[in-house]
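The structure appears below as structure tokens.
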Amino acid sequence: MKQLMLGNKAVARGLYEAGVCFASSYPGTPSTEVTEELAKYDDVYSEWAPNEKVAMEAAFGASLAGKRSFCAMKHVGLNVAADPLYTMSYTGVNAGMVIVVADDAGMHSSQNEQDSRHHAIASKIPMLEPSDSAEALAFAKLAYEISEEFDTPVLLKMCTRVAHSQSVVDPGERVVPVKPYEKNIQKYVMMPGNAIRRHPFVEERTRKLVEYANTAAVNRVEMGGTKLGIITSSTSYQYVKEVFGDSVSVLKIGMANPLPDQLILDFASKVEKLVVVEELDPIMENHCKTLGLQVSGKDILPICGEFSQNLVAEALGGEVHTGRTLDEALPMRPPVMCPGCPHRGLFFTLKKLGCTVLGDIGCYTLGAVAPLSSMEMTLCMGASISSIHGFNKALGEESEKKTVSVIGDSTFMHSGMTGLANIAYNQSNSTVIILDNSITGMTGHQQNPTTGYNIKGDPAGKINLEALCRSMGFNRVRVVDPYNLTETEAAVKEELQAAEPSVIISRRPCALLKYVKRYPSLHVDQDKCRGCKSCMRIGCPAISMKNGKAVVDQTLCVGCDVCTQMCHFDAFTGMTEKED
């Protein structure tokens, strides 16, 4: 029976039908739902790995053992997993292996715009690129066929719009092929003597894949008017069809790497003008130019951000739809930490103390936003800890007394441990604060190695952060409750003054977790409130000013009590005694 299905859910369904037996991923928007949906199938082993590199290596191990495997990540996660990716191109696979990578054009939830097709080209690994949910399901299944036919892992490239939009799919039945494991040192042991013999295999495989791409159904020509021919893929294909319909001819690319040389040349010969419509980098455009074709692309279309129907129409002479506008402009609504977020008290304290804060990737990156405005650097997963070491080594004692790094519990497990080992080993007097909210918060509450639960919510191994940090050589490890501003401030002051590196664990579960107790909402005694706005300095969305007085939104307040510690006039009332 046909169903309306999210793109990521359709990928999961395709993986399931293809007989995948092993799935390992690290959550990252917009890829997260693929693994979450796949984990709902009890006959597929699924897990959250500590990071993308581990996930890919685990999936490779399952493929080596003879079971079809899968891992997923967002575009920046593929950077983390690039090490095994490039060598797996040489080793090839045993059972089929599919790697889903989701690009985030427009940076809705990312620190950069990155085109993952570069990784496919550089690693010489085939990449499929669906344009809707039906193709997402079909391409996931096809990817395993290609993987096993050509002895290669296969990349399946999603993007935000395809991953998070819905279209109709037609689910099928599950088939589980299994291949026996066979010892093959020359194929799988990538020491130089063996690797040098595998490189020619990779080049020959690429030649065969180009031949395949020229006739594969995933690359198709839709002839219409011949005055304009458009080469496009992914969500850009949808925009082109919505704007032009059959008035133009379209070469729809479903195999992003390798590109079909002869098919492109044949298509170009049938149209008067050739244009490439692709988001981000001019990869297909540059390929056309290497084939000697006259083609337009980034000279009329932007290299930054997401495309849209109107953007394509305006650039290529289609009809632009202005739509309807509201009579009144909507107020700006910048991203903000949730009411009761445990990170708020910590960041308020760091700002109050005038600390230089080197940050990391997570919802706590909002500590850089007004009114907290206390984070001064965010680079990539784990970089806060590595960076504070270099920062303090460069500036010395002056910096050590006022600089901290902050990193979430999941991010710490992802790639913070090696940076912490560097501090312990090379001895910078650095203060690292681990923001332990007992979950992977930014991507929607996934478990991680510190929570004690696996992807299905069942009990699992749990890493003790305090014991881990001490075992890495830190004598000064302490835990604070960020709801307690006095305790938090004292801990930060003491560790900054200490003559050795230290770790502070700021521990309080995310306020949105279902098991976290919500306390009665507070309210403001208007007679006591002086309108001093001290409570506004924490940036809690539950607190606002009306008629010169503070007001608490009862529907948002979780009774965290942080605001009461900031009010000098005892205006916040309605508190109840809180349990730890």
Side-chain angles (χ1 to χ4, degrees), residues 27 109 111 334-378 381-385 388 403-414 416 431-446 448 450-451 465 478-492 495 503-513 516-519 535-543 556-566 578 580:
S109 183
Q111 66 267 39
V336 65
M337 290 179 186
C338 304
C341 177
H343 307 324
R344 181 173 283 108
L346 186 277
F347 280 114
F348 170 78
T349 300
L350 297 178
K351 181 179 182 180
K352 177 182 177 181
L353 296 178
C355 293
T356 299
V357 182
L358 306 185
D360 227 293
I361 305 297
C363 47
Y364 50 88
T365 309
L366 291 169
V369 178
L372 296 170
S373 304
S374 59
M375 189 182 293
E376 301 179 32
M377 186 282 292
T378 300
M381 300 282 279
S384 61
I385 300 180
I388 193 175
T403 305
V404 301
S405 72
V406 295
I407 185 169
D409 51 328
S410 180
T411 310
F412 177 75
M413 298 309 303
H414 178 285
T431 300
V432 175
I433 304 177
I434 301 174
L435 306 176
D436 182 6
N437 65 351
S438 305
I439 205 70
T440 307
M442 183 172 66
T443 49
H445 288 173
Q446 291 79 31
N448 68 65
T450 72
T451 66
L465 286 174
R478 63 195 296 178
V479 179
V480 299
D481 180 356
Y483 278 3
N484 187 325
L485 299 183
T486 301
E487 175 190 20
T488 301
E489 181 176 340
V492 173
E495 298 313 320
V503 174
I504 300 171
I505 300 172
S506 176
R507 178 169 290 150
R508 169 69 68 161
C510 172
L512 298 185
L513 290 172
V516 172
K517 181 178 179 180
R518 174 172 174 155
Y519 300 106
C535 55
M536 299 295 290
R537 291 184 291 159
I538 56 172
C540 178
I543 306 173
L556 295 178
C557 178
V558 300
C560 72
D561 197 20
V562 172
C563 56
T564 66
Q565 300 170 63
M566 304 180 64
K578 297 177 173 54
D580 291 334

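Since this is a predicted model, take the numbers as computed values, not measurements. Start at 1 with the first residue, then count along the sequence.
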How many angstroms lie between [atom1] in [X] and [atom2] in [Y], if you round to the nearest 0.5 Å?
{"X": "E487", "Y": "T349", "atom1": "CD", "atom2": "OG1", "answer": "10.5 Å"}
{"X": "M413", "Y": "T451", "atom1": "CE", "atom2": "OG1", "answer": "10.5 Å"}
{"X": "T431", "Y": "I388", "atom1": "OG1", "atom2": "CD1", "answer": "6.5 Å"}
{"X": "R508", "Y": "C341", "atom1": "CZ", "atom2": "SG", "answer": "12.0 Å"}
{"X": "T403", "Y": "E376", "atom1": "OG1", "atom2": "CD", "answer": "8.0 Å"}
{"X": "S405", "Y": "D360", "atom1": "OG", "atom2": "CG", "answer": "8.0 Å"}

> Would you say T450 and F412 make side-chain contact, with heavy atoms under 4.5 Å?
Replying inline: no

>> Is any side-chain heavy atom of V404 closer than 4.5 Å to one of E495?
In response: no

If you compare all heavy atoms of [X] against all heavy atoms of [Y], which two are closest, and at what distance to 0.1 Å?
{"X": "T411", "Y": "G382", "result": "CG2-N, 3.7 Å"}
{"X": "I504", "Y": "V492", "result": "CD1-CA, 3.9 Å"}
{"X": "G362", "Y": "M442", "result": "C-SD, 3.6 Å"}
{"X": "P482", "Y": "T488", "result": "CA-OG1, 3.5 Å"}
{"X": "V516", "Y": "P509", "result": "CG2-CB, 3.6 Å"}
{"X": "A511", "Y": "Y483", "result": "CB-OH, 4.4 Å"}

> Name the one of C557, C560, P541 that satisfies side chain to side chain contact (heavy atoms under 4.5 Å, CB included) with P339?
Replying inline: P541

>> Test side chain to side chain contact (heavy atoms under 4.5 Å, CB included) on I439 and L513; report intermediate values, then the result.
In response: CA-CA 8 Å; I439 205 70; L513 290 172; 3.9 Å; yes

>> Please check this pair: side chain of K351 against backbone of L346, looking for a donor-acceptor N/O pair closer than 3.5 Å.
In response: no

> Ignoring hydrogens and geometry, is there a side-chain-to-backbone donor-acceptor pair from R478 to V503 under 3.5 Å?
Replying inline: no

>> Pair M375, V406 - check side chain to side chain contact (heavy atoms under 4.5 Å, CB included), show working.
In response: CA-CA 9 Å; M375 189 182 293; V406 295; 3.8 Å; yes

> Which pairs with one or both residues in residues 340-374 pass ring pair (Phe, Tyr, Trp, His ring centres under 6.0 Å), sequence neighbours excluded?
Replying inline: H343-Y364

>> Holding to salt bridge (Lys or Arg N to Asp or Glu O under 4.0 Å), I want the full list of residues that pass it with R518, two or more places apart in sequence or in another chain.
In response: none

> Residues in salt bridge (Lys or Arg N to Asp or Glu O under 4.0 Å) with D436, at least two apart?
Replying inline: R507

>> Assess the residue pair C510 and H445 against the criterion (side chain to side chain contact (heavy atoms under 4.5 Å, CB included)); give the C-alpha distance rounded to whole Å, side-chain angles, the decisive distance to 0.1 Å, and a yes or no.
In response: CA-CA 9 Å; C510 172; H445 288 173; 3.3 Å; yes

>> Between I385 and I407, is the side chain to side chain contact (heavy atoms under 4.5 Å, CB included) condition met? List the steps.
In response: CA-CA 8 Å; I385 300 180; I407 185 169; 3.9 Å; yes

